[in-house]
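What follows is one structure encoded as structure tokens, with my remarks underneath.
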Amino acid sequence: MVIAIDGPAASGKGTLARRLADHLGLPHLDTGLLYRAVARDLLDRREALEAPDLAAAAAGALDLGRLDDPRLRERHMGEAASIVSAFPTVRSALLSLQRRFAEREGGAVLDGRDIGTVVCPAAKLKLFVTASPEERARRRLRELRGNGEATAYEAVLDDIRRRDERDSSRSAAPLRVAADAVVVDTTSLDADGAFARALAIVHALDAPARAG
Ligand code: CDP
């Protein structure tokens, strides 16, 4: 079973994807890390984030062995990822590896912005995980502080609003709810609540098969 989980920044989609994948015994790909890693490689070489050719070359040469780099979680890397991810050439350079991941036998869980709309349009289950910008800013602030990054709430809220705007308004694979996605609003749900909601949706999918 392929599960596609999309949603805006810090909506809880990553945590939910990881927990669902663990529970169902499926591999998980956080596709945001791919865009963050492209941005990191450009920044490390002191290349401009705004140059589509350099960004596409970095995407084509991406080393998947370096996705566990803690720097990818830093605040400025999310912003940088959002800049490079708007280039269609960057997106197409990363598309086939995401599809190969999704085509593994037994299925996979992928989370990002365009999984249900572009990467895996035939996914058996599509979730769109969202929450209010203020709640997302509070969560991201906790996460950044937990990683030792000192930041102010207002700055994080600004980042989130700017990123929502850029990710939703770009022409290449903009962030939007797939027609057949189930929306999970986690504004007043904690991680356990979101997981329980998602699991109920997974079981409801299986129910007709079990009944038959
Ligand atoms: O964790 P958070 O939701 O803040 O961000 P992320 O999922 O790591 O994604 C970072 C940035 O990469 C996003 O703001 C998007 O611009 C971009 N992205 C994308 O365009 N498509 C994806 N499938 C995943 C991420």
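The figures that follow rest on heavy atoms only: side chains count, while hydrogens, waters and symmetry mates do not. Just so you know, ligand 1 is whichever comes first in the structure, and atom 1 is the first atom listed for that ligand.
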N/O of [X] under 3.5 Å from N/O of ligand 1, yes or no?
X: R91; answer: yes
X: G112; answer: no
X: D111; answer: no

Contacts under 3.5 angstrom, residues 141-151 side chains, donor-acceptor by atom type, not counting sequence neighbours:
residue, atom, partner, partner atom, Å
R145, NH2, T151, O, 2.9
E149, OE1, R75, N, 3.2
E149, OE2, R75, N, 3.4

- Is the shortest side-chain N to carboxylate O distance from D30 to R73 below 4.0 Å?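 Judged by the 4.0 Å cut-off on N to carboxylate O distance, D30 and R73 do form a salt bridge.
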- Only one of D164, D159, D185 forms a salt bridge (Lys or Arg N to Asp or Glu O under 4.0 Å) with R136, so which one is it?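 For R136, the salt bridge (Lys or Arg N to Asp or Glu O under 4.0 Å) check succeeds only for D164.
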Please state which part of [X] comes within less than 4.0 Å of ligand 1, counting heavy atoms only: side chain, backbone, both or neither.
X: A10; value: backbone
X: R170; value: side chain
X: R163; value: side chain
X: R166; value: neither

- Which pairs, with at least one residue in residues 6-22 and sequence neighbours excluded, count as a side chain to side chain donor-acceptor pair (under 3.5 Å)?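 Non-adjacent pairs meeting side chain to side chain donor-acceptor pair (under 3.5 Å): R19-D192.
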- Kindly confirm or rule out a cation-pi arrangement of R197 over F195, judged by NZ or CZ under 6.0 Å from the six-membered ring centre and within 45° of its axis?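 The answer is no; the distance or angle limit is not met.
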